[in-house]
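One structure is given here, and the rest of the page talks about it.
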4 protein chains.
Amino acid sequence: MPATTTSVDAAAETECAPRRGRPRSAGVDEALLTATLELATEVGVNGMSMDVLAQRVGVSKATIYRRWPSKEALVLDALQHAIKPFEQVDTGTLRGDLDLYLGELAERMTNGSASDILPHLIEVSVRDEMLRASLDDYVRMRRQPLRTIIERAMGRGELPADTDVDVLLDAIISPFIYRRLLSHDAMDDDFVRRLVALVLPGI
Amino acid sequence: MPATTTSVDAAAETECAPRRGRPRSAGVDEALLTATLELATEVGVNGMSMDVLAQRVGVSKATIYRRWPSKEALVLDALQHAIKPFEQVDTGTLRGDLDLYLGELAERMTNGSASDILPHLIEVSVRDEMLRASLDDYVRMRRQPLRTIIERAMGRGELPADTDVDVLLDAIISPFIYRRLLSHDAMDDDFVRRLVALVLPGI
Amino acid sequence: MPATTTSVDAAAETECAPRRGRPRSAGVDEALLTATLELATEVGVNGMSMDVLAQRVGVSKATIYRRWPSKEALVLDALQHAIKPFEQVDTGTLRGDLDLYLGELAERMTNGSASDILPHLIEVSVRDEMLRASLDDYVRMRRQPLRTIIERAMGRGELPADTDVDVLLDAIISPFIYRRLLSHDAMDDDFVRRLVALVLPGI
Amino acid sequence: MPATTTSVDAAAETECAPRRGRPRSAGVDEALLTATLELATEVGVNGMSMDVLAQRVGVSKATIYRRWPSKEALVLDALQHAIKPFEQVDTGTLRGDLDLYLGELAERMTNGSASDILPHLIEVSVRDEMLRASLDDYVRMRRQPLRTIIERAMGRGELPADTDVDVLLDAIISPFIYRRLLSHDAMDDDFVRRLVALVLPGI
DNA sequence: GATTAACCGAGACGGTACGTCACGTCTTTAA
DNA sequence: TTAAAGACGTGACGTACCGTCTCGGTTAATC
């Protein structure tokens, strides 16, 4: 499980060095990530000041910057931390898997607050090489469950062996992002059904 | 032609009111929009300071804030102002229209500087009702050329009359946005061909 | 009759030139001086903005600056305009004259609002040659009534012929200014009596 | 020792509180007060901008506003800080004391730069309760040396026991202020001599 | 137990941008 | 020519935030 490159993973440090001196306070990482998510969701990433965050958690700013190199690194970590992994969908049929997965995706996209953070990270990543890499990782990770569903269906023969998986993933996932960020159109069951009908007309 | 809600359209005002007092300096709007686009592209929207912008255009900050209520309103207006409308594509066939249109879209997405501004506006629009409305307008406008192409093809019988146009537009356009903003994958000819093959398999 | 050097006196202009074009609106000078005094008294000279003043009088800023070269010139003119000249005191005795004059001076200093403007003019006059000259004129004028009283008393023999008038005036008037501007001590009848007892012990 | 109400006196805080956090940079208060006096003297209080002041001292504006709530509070503090206390005059006779003290007062009033700041503070104090209190303190303090001289002379019998000290102080000091701020008349030895001859004719 | 090194809170620091405000000038149309 | 309206450049204001630094004071592992 992904020790991100932007945050210093406490556990990882513990195992490789004896670490003299006072150890980092337990639970502070957790508390900060949670509070970051809350605050960023409430008032936006730009609206969230590090001073306020520190005060709310009862921590000094130095303590934050000892753990993350910048506000954005913290925010990205908070975003990654917030993902409840999709529990592995496996109904036995492509139809069933898609219904389950895309239904939950639509629901998350519609109600999930965390996504409000994404635009900020996208913006900063335009100028920040480091952050862009982390963001790419994050994005790739989010595609994995659907990729598994597709590939399993190919294995079962429900989809042709020469299916263009990458583009298929794009065509399925990106409309969700697009509607969430840009057009603000609804993502209801009807939308999901029509999208599947379009890109996977056979089933 | 869309007089946006965020900027005061000089022409519109001229026609409805006698306009007393010293009129707005001619060309300043134009110069500011252009410079905004340049600066925002060079250093990012956040990196662009209103003081520097004013100085570069040879204008006072007050003059800017007299025209736009905030930095974001200005940036959005600059973005809308920057769109060179797609010249109407009409090769006679859906195949030809798509090749032309999507080719240019891919090229713009890859090299177009303006898109760096989009993420910033997306972020702010999450919290700013007004801006979100303007952004929605902008997005809808950008979809129009492709919609025309599709509907023309339906008229010619190249596409079935019950084609789900809205979702089809989503499925075609959003992967470009997705790759531009999130996955940073390439948008070459190969990608375009494969995407079309997926969503419009017949053609 | 106080045609100040800082303001263009409407009457004076009328008599020396035929003045082509639209004549200056009558009463505007008066209205501006009055409003200036009011505003400056309400919110202080610094707190009074020319825009607000213009709006309140229903006049454009250009109209003001056509009449006075600067805010301070206007304010000074307003101050001079506001002085109700002391009606000539002449009771026949020094004692009586002083009682009357100093009593009214104390009352004006205590309740007069106009004096709040003085400190501002003093400050600006430090850096403004022109204004300082005008202010000096104003000050000298204010001393005149008391000077007359003293000199009349000398003529009557109530005061020795070698009385040091200038310093005597200083010693009498300046404590009023001092208490008004700096120490904020009271200026009641008792104070007047004691001051006279000090500088004019014989009477 | 005058811990002013407008500035946070570092020493005072140290003794009463444990002082957590990074301590205020040493010498910055001093440097700011000095530079303020210089700048205000050079270009006037209004002509002195906080940005320039900060830059000249090599300090950020926030650092200034952390120490004083406003420009005026800073300026007043600078003024109080600048007073070189009159070394206690004691020649043994009233005559000698007055010659010494008033001579220096006249010299300071004539050449002293600090007094240019006073008019500004007077103006602001009209609207600012807080500042007025501080200014009153300052004024009272400045009167003290002369008060001592007078009272000592009373003790020696050089002045009658029922001398009206307060009004006497007014009558001596205020003409200096008056000439400095308003009439701009000279304050030479002759003036001092004549003033003393007037208010203290016996000696 | 003493040392030591990293931690902790608080909060001051330099830098930089923000959006507002006022002054005095300039440029329109209307009278 | 003057008037009202109001845009203009200049430049200061005081606030906010970032990321760094500096205090005095813990808190373990090492000596």
Side-chain angles (χ1 to χ4, degrees), chain A residues 17-25 28 46-55 57-72, chain B residues 18-26 28 46-55 58-71, chain C residues 17-25 28 46-55 57-72, chain D residues 18-26 28 46-55 57-67 69-71:
Chain A
R19 309 293 274 118
R20 296 225 310 173
R22 175 173 172 175
R24 298 231 171 126
S25 294
V28 168
N46 269 329
M48 172 189 90
S49 88
M50 298 300 269
D51 291 79
V52 168
L53 174 65
Q55 198 161 17
V57 179
V59 140
S60 82
K61 266 201 294 181
T63 299
I64 303 180
Y65 282 99
R66 211 174 286 120
R67 290 164 160 80
W68 294 274
S70 72
K71 185 177 179 178
E72 268 71 37
Chain B
R19 303 295 283 117
R20 299 223 291 173
R22 175 173 174 175
R24 297 258 169 101
S25 292
V28 167
N46 270 329
M48 172 188 90
S49 92
M50 298 302 269
D51 291 80
V52 169
L53 174 65
Q55 199 161 15
V59 138
S60 78
K61 253 197 308 181
T63 297
I64 303 180
Y65 281 102
R66 211 174 286 120
R67 288 166 158 79
W68 294 274
S70 71
K71 190 176 176 176
Chain C
R19 308 298 272 123
R20 299 223 307 168
R22 174 172 173 175
R24 295 218 174 142
S25 296
V28 168
N46 269 328
M48 172 189 88
S49 88
M50 298 301 269
D51 291 80
V52 169
L53 175 65
Q55 199 161 16
V57 179
V59 139
S60 83
K61 266 200 298 179
T63 299
I64 303 179
Y65 282 100
R66 211 172 288 119
R67 287 164 161 79
W68 293 273
S70 72
K71 185 178 177 176
E72 268 70 38
Chain D
R19 302 295 284 121
R20 299 223 286 174
R22 175 173 173 174
R24 298 259 169 100
S25 293
V28 167
N46 270 329
M48 172 188 89
S49 91
M50 298 302 267
D51 291 80
V52 168
L53 174 65
Q55 201 160 14
V57 179
V59 139
S60 79
K61 254 199 303 182
T63 297
I64 304 180
Y65 282 100
R66 212 173 285 121
R67 288 165 159 77
S70 70
K71 189 176 174 175

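So you know, we letter chains A, B, ... as the sequences are listed, proteins then strands, and number each from 1.
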| task | Look up atom CE in M48(C) and atom CE in M50(C), then write down how far apart they are to the nearest 0.5 Å. | result |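 Rounded to the nearest 0.5 Å, the CE-CE separation comes out at 6.0 Å.
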Just N and O in the side chain of [X]: are any of them under 4.0 Å from OP1 or OP2 of [N]?
X      : N       : result
R66(D) : dC13(E) : yes
T63(B) : dG9(F)  : yes
R67(C) : dG24(E) : no
S25(A) : dC8(E)  : yes

| task | Would you kindly give the CD-to-P distance between Q55(C) and dA5(F), to the nearest whole Å? | result |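 Nearest whole value for this atom pair: 8 Å.
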| query | Nearest-Å distance, CH2 (W68(C)) to P (dT25(E))? | reply |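 Computing the W68(C):CH2 to dT25(E):P distance gives 15 Å.
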Of the listed nucleotides [options], the one nearest the side chain of [X]:
X      : options                  : result
P23(A) : dC13(E), dA28(F), dA3(F) : dA28(F)
R20(D) : dA10(E), dA12(E), dT2(F) : dA10(E)
R22(B) : dA6(E), dA4(F), dG6(F)   : dG6(F)

| field | Nucleotide-resolved protein contact map, nucleotides 11-16 of chain F, B/S/- at heavy-atom distance under 4.0 Å | value | -SSBB-
| Pick the nucleotide of DNA chain F nearest each of G58(B) and V59(C); which residue has the one closer to the 5' end? |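 The residue whose closest nucleotide sits nearer the 5' end is V59(C).
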| Five-pair end axes of the helix from dG1(E)-dC31(F) to dA31(E)-dT1(F) and the angle they enclose, rounded to 10° |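 Overall, the helix from dG1(E)-dC31(F) to dA31(E)-dT1(F) bends by 10° from one end axis to the other.
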| field | Partners passing side chain to side chain contact (heavy atoms under 4.5 Å, CB included) against T63(C) (at least two apart in sequence or in another chain) | value |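 With neighbours one apart ignored, the set is V28(C), V59(C), S60(C), R66(C), R67(C).
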| task | Grab the two heavy atoms, one from N46(B) and one from K71(B), that are nearest each other, plus how far apart they are. | result |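 Smallest heavy-atom distance, with atoms named: O-NZ, 3.7 Å.
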| field | Under the salt bridge (charged side-chain N to carboxylate O under 4.0 Å, His left out) test, residues paired with K61(A) that sit two or more places apart | value |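 Per chain and number, K61(A) pairs via salt bridge (charged side-chain N to carboxylate O under 4.0 Å, His left out) with D51(A).
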